[in-house]
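Here the structure comes first, spelled out in structure tokens, and everything after it is commentary.
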Amino acid sequence: MVKEVIPVLTQRPRGTADLLPGEVEQWKRLEDIFRAVSRTYHYQEIRTPVFEHTELFARGVGETTDIVEKEMYTFEDRGNRSLTLRPEGTAGVVRAYVENKLYGLPDLAKLYYVGPMFRYEKPQKGRWRQFHQYGVEVLGSEAPEVDVEVIAFGAEFLTKLGLKDVQAEVNSVGCSECRPRHREAMVEKLRPVADRLCKDCQSRLDRNPLRIFDCKNESCQAILREVEAPTVLQCLCDACQSHFSAVTELLQEVGVRFVINDRLVRGLDYYTRTAWEFTVPGYSTVAGGGRYNGLVAQIGGPETPGVGFAGGIERALLVLQEQGAAVTERSPLTAYVAVADAQASQTATKLLQELRCAGISADRDYQGKGLKAQLKAADRVQAKYVLILGEEELKSGTVSVKDLATGEQVTVARNEIVSYLSDLQNSSGVVEHDQM
RNA sequence: GUGAGUAUGGCGAAGUGGUUAACGCACCGGAUUGUGGUUCCGGCAUUCGUGGGUUCGAUUCCCACUACUCACCCCA
């Protein structure tokens, strides 16, 4: 029979990834740390759907953002509803907040989430079509203390993760009053010299003038200096100005390492006032966040301020690895049952079951390997003990226990083997820590 | 969406217009009879992403497609 090869059956969709054993441990570690920090900051987990009505993102994230214009995974379901795989986490959380009337609760909603996000983009280093974010949102307060809490949360998490040289870059993008004013000022200064700007910046001038500050083109930077284009910070209204001052003061108070970056822009339309990114020098941004005071009302809820941040798991892990701080773990094996004689296979199966029921991790060979090969296999998985069952042991009702680290071998009665290993395990401090 | 590069066994990686496609790692087996990290010996791609074309002949040349990688835009 000719084997038919259908690539699609053995190829994952573009921009997706399989997390294989070995890598998954890293993810679990990150999630564990994130959850632990969430607990100490008193945030609660929320899980929202991975898809929402397309309109939510269009309205929430912003019609003119790249995400909405060209990156959404949008599809129609059988009821002709337009749905979209979530490209970010905030919109869904805010929707859930409104729909479930969490604003009726006596306290602020302090929420965290972890999960997959989707954006239709060309994959490249640290960028996927399905990627994963952890993030937090606080709804119901416009106090600068809350901005600071959220920034401190992020800084602490990234540090605990093991990332070195993490830095918070902080800016204020103003509010619905001062932002248009800044935009106008910039356009006014740059419009007359627009033809001298690079092609990208010419389109930025229409879409998001602030981004011109980000241009890597030196000539564009020169033009900015020449026309004395104002930064947002210079255009802040009094209220935004005092909010920003409070945030930076408190950050210092709390001891969060940060720098003010008055050119920092964020990609989503909903940000107001404080906006920040966590960067690691030499690498890309690992997380970003900001305040979004208009978003809840924007999607139809009561006027409610919010702040939040989110980071990419793939990116954090990537930087961690490149900094050489990645840790590798393997699930430990206490007992490898080796069959020295085919006659003993049945007994081995029984022994294996007893060990496992007693909470001792145990495995064996199923491929008919010779004893030597079994020892080798046990060594390779770094088993603590090899339990040998052969003709002799069968006859005498015993099992030979070999300690692979020391090479010592003892004979133990078969009906005592479980308690024997349990005792060894307890006294040596080896703990089986697979949780249910 | 734009631009560039790559595509050889499980992994890494040579290679040539022409009968047998290096090598390393990994893996499997063996070095007399039931014992593991070393050493030695042996095994392991009728095949060089897919489909066409050029040619007497292509894994090596050309085209298309697909995938991957990197950069830009943008972002996590």
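Sequence lines set the chain letters: A, B, ... in the order given, protein chains first and strands last, and positions in each chain run from 1. Bear in mind the structure is a predicted one, so any value in this text is a computation, not a measurement.
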What contact category does [X] fall into here, base, sugar-phosphate, or nothing, at under 4.0 angstrom with non-hydrogen atoms?
{"X": "Q367(A)", "result": "nothing"}
{"X": "I67(A)", "result": "nothing"}
{"X": "R119(A)", "result": "base"}
{"X": "E314(A)", "result": "nothing"}
{"X": "K376(A)", "result": "sugar-phosphate"}
{"X": "Q374(A)", "result": "nothing"}
{"X": "E88(A)", "result": "nothing"}

Among rG34(B), rG29(B), rA76(B), the nucleotide that comes nearest once only the side chain of E392(A) is considered: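 Taking heavy atoms from C-beta onward, the closest nucleotide is rG34(B).
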Between G370(A) and L375(A), just flag the one whose closest nucleotide in RNA chain B comes earlier from the 5' side.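 Its nearest nucleotide lies further toward 5', so the answer is G370(A).
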Residue whose closest nucleotide on RNA chain B lies nearer the 5' end, R211(A) versus P123(A):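 The answer here is P123(A).
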So which of F51(A), Y120(A), F57(A) actually passes ring pair (Phe, Tyr, Trp, His ring centres under 6.0 Å) with Y73(A)?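 By the ring pair (Phe, Tyr, Trp, His ring centres under 6.0 Å) criterion, Y73(A) pairs with just one of F51(A), Y120(A), F57(A): Y120(A).
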Between E277(A) and R266(A), is the closest basic N to carboxylate O distance under 4.0 Å?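 Looking at E277(A) together with R266(A), the answer is yes, because their closest N to O distance falls below 4.0 Å.
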Write down the distance separating the P atoms in rC63(B) and rC74(B), rounded off to the nearest Å.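 Straight-line distance between the two P atoms is 33 Å.
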P-based separation of rA21(B) from rC48(B) [nearest Å]: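 To the nearest whole Å, 12 Å.
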Counting just side-chain N and O atoms, does R266(A) come under 4.0 Å of either OP1 or OP2 of rA76(B)?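 Yes, because at least one side-chain N or O of R266(A) sits under 4.0 Å from OP1 or OP2 of rA76(B).
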Between T272(A) and R179(A), do the side chains contain an N or O donor and an N or O acceptor separated by less than 3.5 Å?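 Result is no, nothing qualifies.
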Let's test this: given Watson-Crick or G-U wobble pairing with both distances under 3.5 Å, identify the partner of rC65(B).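 Partner of rC65(B): rG49(B).
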